[in-house]
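Basis for what follows: all heavy atoms, side chains included, without hydrogens, waters or symmetry-related copies. Order of the sequence lines sets the chain letters (A, B, ...), proteins ahead of strands, with each chain counted from 1.
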Amino acid sequence: MPINYYIFLAVILFCIGVVGVLTRRNAIIIFMCIELMLNAVNLLLVAFSKAHHAVAAINAGPAGTTAGTDGQMFVFFIMVVAAAEVSVGLAIIVMMYRNTHSVDVNFLNRLKH
Amino acid sequence: MNVTQILFWLLSALTVFSALVVITRKNPVYSVLWLIITFISISGHYILLNAQFLAVVNVIVYAGAIMVLFLFVIMLMNLNADAEPQKNKWLQFAGVIAGGCLALVIIAALKNVDAKARIAETGSDIGLIENLGKVLFTQYVLPFEISSVLFLSAMVGAVVIGKKN
């Protein structure tokens with residue numbers, strides 16, 4: 001597959017996440033759309049790591065090259081950080097719901113005042 | 001059209017469709033379930049790209065742990081009972097237009113990208129846990145340890161935020 005297709009797929013997924021953040025009011029769904037955007041970026045990183053590995057294998061011979069592991073390591077660390085972020089973010093949403101009995105983000109504009 | 005391409009198009013269609021369903025469902029529980037399908041199809045893409053370890057980690061961490069956390073929170077809050085008040089129709093329309101314009105601009109900017117870096121269909125073994133583990137515990141051992149501290153602080157933070165005061 002040409003890498004263009006993976007770029008287009010990742011861009012479409014990312015923009016679906018952006019549309020979800022802009023159009024929904026439920027804080028949990030907004031959070032899920034952020035996860036969707038993170039996964040689009042992860043997919044793009046894995047595709048680029050595969051392309052980098054393919055080019056390195058052409059240049060240096062198919063055996064022995066380990067080019068491309070860095071990108072997959074980055075994806076791994078992004079997943080780690082996303083897991084930590086989700087746990088803290090959901091705790092914040094639960095606390096918010098406990099105080100206001102709503103997860104509607106339009107009620108949460110007190111920081112403006 | 002060989003098997004890889006057929007699988008790519010099938011998985012892409014499934015990914016985009018389920019992502020669209022995620023942002024259009026009213027009920028948050030359905031959104032979570034469709035998001036799980038999205039993540040599993042992204043894992044299928046990882047397998048097509050010879051990133052087997054990441055595919056497994058994606059299923060375990062995202063589709064397993066994180067989505068179960070979302071489901072727990074939604075069901076504990078009983079959010080599926082009350083219908084979510086909708087935004088103004090014009091604001092929703094403007095959001096869709098803005099996101100579509102973003103997609104259009106990025107795709108138009110990248111559509112002539114040089115495609116000679118063609119992803120080889122031949123298998124490579126850099127995505128196996130053997131090779132990734134070697135790199136992780138030699139070159140990236142410091143970020144690995146720091147991420148454990150990050151997890152500890154996230155755990156403490158979640159407990160402190162979530163407890164009743």
With salt bridge (Lys or Arg N to Asp or Glu O under 4.0 Å) as the rule and sequence neighbours excluded, what pairs involving residues 98-110 of chain B come up?
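Not a single pair qualifies under salt bridge (Lys or Arg N to Asp or Glu O under 4.0 Å).
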
Please answer: with hydrophobic residues joined when any side-chain heavy atoms are less than 4.5 Å apart, are [X] and [Y] in the same cluster?
X       : Y      : value
I146(B) : F74(A) : no
L10(B)  : V21(B) : yes
V29(B)  : L20(B) : yes
I106(B) : L9(A)  : yes

If the plane angle is over 60° it's perpendicular, under 30° parallel, otherwise tilted; pick one for [X] and [Y].
X       : Y       : answer
H45(B)  : Y6(A)   : perpendicular
F17(B)  : W34(B)  : perpendicular
F144(B) : F137(B) : perpendicular

Is there side-chain contact between V56(B) and I129(B), with heavy atoms separated by less than 4.5 Å?
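No, every pair of side-chain atoms sits at 4.5 Å or beyond.
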
Between R25(A) and Q92(B), is there a side-chain heavy-atom distance shorter than 4.5 Å?
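Not touching, per the 4.5 Å side-chain cut-off.
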
Using non-hydrogen atoms only, which part of [X] is less than 4.5 Å away from chain B: side chain, backbone, both, or neither?
X      : answer
L43(A) : both
V94(A) : both
F77(A) : side chain
I12(A) : side chain
M32(A) : both
L38(A) : side chain
I7(A)  : side chain

Where on [X] is there a heavy atom nearer than 4.5 Å to chain A: the side chain, the backbone, both, or neither?
X       : result
K134(B) : neither
T24(B)  : backbone
T38(B)  : side chain
F70(B)  : both
A98(B)  : side chain
V32(B)  : both
Y62(B)  : side chain
L54(B)  : both

So which residue, [options], ends up with the most heavy-atom pairs under 4.5 Å with chain B?
options                        : answer
V81(A), V18(A), D70(A)         : D70(A)
H52(A), M95(A), Q72(A)         : Q72(A)
T69(A), N39(A), V86(A), V80(A) : N39(A)
L90(A), V88(A), I93(A)         : L90(A)

Could you pull out the closest heavy-atom pair between [X] and [Y], with the gap in Å?
X      : Y      : result
L14(B) : S41(B) : CD2-CB, 3.9 Å
S31(B) : V22(B) : OG-O, 2.9 Å
S43(B) : A55(B) : OG-O, 3.4 Å

Among [options], residue most engaged with chain A (heavy-atom pairs, under 4.5 Å):
options                          : value
V96(B), L48(B), L110(B), I161(B) : I161(B)
V159(B), T15(B), N58(B)          : N58(B)
P143(B), G157(B), S153(B)        : P143(B)
L35(B), L132(B), V135(B)         : L132(B)

Can you list every pair that meets ring pair (Phe, Tyr, Trp, His ring centres under 6.0 Å) and has a residue in residues 92-112 of chain B, with sequence neighbours left out?
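Sorted pair list comes back empty.
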
